[in-house]
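Quick notes on the structure that follows.
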Amino acid sequence: MIQNTGELAKDASAEQNIKAEQTRLIYRSMPFSLLAILINSSILSLVLWQVIEHSTIIGWLVAVYLTTLYRFLTYRNFLSTKPAQDGIEFWRRLAILGAALSGALWGAASLLLFPLEHVAYQALLVFVIAGMSAGAVTTLSSIFAASATFLLLTLLPFVWRFLFLESDVGYAMSAMGILFTLIVVISSKRLNQSIQESLKVRYERQLAEETIIYQAHYDELTQLPNRRLFIDRLNQEITRAQRHQHFGAILFLDLDHFKNINDSLGHRVGDILLQEVAQRLRRRIRNEDTVARLGGDEFVILLTEIGDSREITSSWAQNFAAKIQLLFTEPFMVQEHELHLSASIGVTLFPINGAVPEDLLQQADVAMYRAKAEGRDQSRFFLPSMQEAVHQRLEIEKGLRRALVAGELELYYQLQVDITGACIGAEALLRWNHPERGLIAPNEFISVAEETGLIYKIGDWVLATACRDMAQIGFNRPITLSVNVSPKQFREANFVERVQNIINGCRINPSQLRFEITENVLIENLDQTVERMQQLKKCGISFSIDDFGTGHSSLAYLKQLPVEMLKIDRSFVRDISTEPNDAIIVETILDMARHMGLKVVAEGVETPEAFAFLKEKGCEYFQGYLFSRPVPLQDLLTKMESTAA
Ligand code: C2E
Ligand code: MG
Ligand code: MG
């Protein structure tokens, strides 16, 4: 199996960690084994005093004591040094050396302290040596090299000594000695393996726990603190700021049009870009500050202890926000792409009486939202009035959800007429019949519906209702019903399918249906737009461009699109008879439309003068208060009777 370098590094560090633990284990058991050596060597010497030459005993005992002292000192140093993982090898070697010295001395005991004539004393020696060996298995096995050296150095001289007795008992003893050596060495090896395995399991568990803790507090992509850790730190900072009476600030930063980069260049590029942004931010802040990633392209910066007054803090924070924005003047190089990026920033200060971290984050978010709404690439301070606006939007969203279920939405219709004033169709205009506020015009809630995605359901409802009403208006009339389609609705993946399902469910002729789309729809993803419009056209539906003249659509677009009609925006029509500029724009649109074979409806015709002017310039269709305001279906039917062509 091929391992990548990351895995190899991980394995190496696991091995290091286990080695270090093994070394610690051997040192931990050292006091016990050293004590055992002191006691055993002393008793042995005392007992053998009568049968072995005194100088030999003293020499051996002194050597044992010195070795033990040396090992004890090593142990003490180890404890006080607390060596790091990479310095552990030295201590491991010292431990092995200590074990080897001790082993050699016990081996020497078999040769030097062997009471040749006294079998009972021999038995004592055998016992002591066997006991020491068994003890070494338990205390030294965490490092096999240590236990094996100790055992071999202790036991092989013993075997050797009995072999040289040249008696049957001697041979038997040395054979037993070999067997015993084998058994203890194998046991030690086994014990060593099981120690290693359990250390490995422990290490892996510890690693997993650390990873879990890390992942719970840090963002995986950028390695910045995540929301949780940020909230935690903010909480501490609020308390500190309250206690010491100073102020800090929160900067809420959102990248502008990041989604476009993600969509057009792919998530890989998007990810690298986020990492680069994180790095630039991290480098810019002070050590005591925190920059965190909340998710997506949202970052927050916590600036602590800025000043003793709100004024100082706020001007400092403002400057800082400007500096953060400067970080984006240099383009980002990601793979071979040079990416120009900007950020919108919302700022709020703390502490604020009673505000918890989540409140502050929300305030900064609201301010950031305002920075976006006012053109992006700038920063805004949080103001309480912003909160009010957010509150209202939330109310609208909540109300709209209810309105859909409770049947509070209604369709009004506004007549469209030709030069003779005869009805050629109507535009369906949405109204919200609010239980407390009465009729609410769509400009107040369509944008909220778009942002929250409620527009899909609302759009379906509008189309279904318009189709049903159309069935009442009647097929026999030569009229067209116009329905507004918002850009978001139009771009939804299954828009065509949804429309087909709705019109199939109604008994209407789709060629009497016209969709009003705005120029915005045309700007983004032209190919997809053309394809969708063609598909719908095949079903019989026609298209008009609403609010024409206010967007940025070029004529080049129009040529590619199956559009039948333009609607001149009412802002040009309103002052048409008094404003020369407006008159010129309208004339240009009419000329252009004539060349391209498009019909034109003038919206917002309120006065007979405007009507006359438009007629004179060649406009053929009209819509406006002069002919009719938007009215409920029943009123529309009545009006149609009176204006029938
Ligand atoms: P729009 O599609 O341009 O609709 C024309 C707007 O101009 C309507 O406002 C209409 O009442 C108003 N209007 C018509 N004649 C006159 C006039 O002579 N003078 C003045 N001052 N105003 C006139 P309304 O109904 O408030 O709708 C506003 C906008 O809301 C619509 O503009 C349309 O963009 C959107 N909208 C309305 N209904 C729907 C809908 O069902 N779906 C979607 N997505 N948007 C809708
Ligand atoms: Mg319209
Ligand atoms: Mg319009």
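Predicted model, so just to flag it, every value in this text is computed and none were measured. One-based numbering, in listed order, for ligands and for the atoms of each.
The proximity of Arg431 to ligand 1, defined as any non-hydrogen pair under 4.0 Å, is limited to the side chain. Residue contacts with ligand 1 for Asp546 involve side-chain atoms from C-beta outward but no N, CA, C or O (heavy atoms, distance under 4.0 Å). Of the heavy atoms in Glu516, only side-chain atoms (C-beta onward) come closer than 4.0 Å to ligand 1. Under 4.0 Å from ligand 1, not a single heavy atom of Arg574 appears. Heavy atoms of Val462 found under 4.0 angstrom from ligand 1 belong exclusively to the side chain.
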Using atom types as modelled, flag every donor-acceptor pair under 3.5 Å from a side chain in residues 628-637 to any protein atom, sequence neighbours excluded.
none

Counting only pairs under 3.5 Å, give me each side-chain donor-acceptor contact of residues 259-269, with atom names and distances, residues two or more places apart or in other chains.
from, atom 1, to, atom 2, distance (Å)
Lys259, NZ, Asp263, OD2, 2.8
Ser264, OG, Asn260, O, 2.7

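Taking the charged nitrogens against the carboxylate oxygens, Asp591 and Arg594 do have a contact shorter than 4.0 Å, which makes a salt bridge. The residues Glu444 and Arg393 are annotated as not salt-bridged, no charged nitrogen and carboxylate oxygen being separated by less than 4.0 angstrom.
If you number the atoms of ligand 1 from 1 as listed, the ones under 4.0 Å from a heavy atom of Ile446 come out as 43 (C), 45 (N). Close approach to Asn443 involves these atoms of ligand 1, each under 4.0 Å from a residue heavy atom: 28 (C), 29 (C), 30 (O).
Geometrically, Lys488 does not engage Phe490 in a cation-pi contact defined by less than 6.0 Å to the ring centre and at most 45° from the axis.
Residue contact check for ligand 1: Gln623 places no non-hydrogen atom closer than 4.0 Å to it.
With the Mg ion (ligand 2) as the vertex, OD1 of Asn484 and OE1 of Glu516 span 90° to the nearest 10°.
Between the OG1 atom in Thr480 and the CD atom in Glu427 there is a gap of 12.5 Å [rounded to 0.5 Å].
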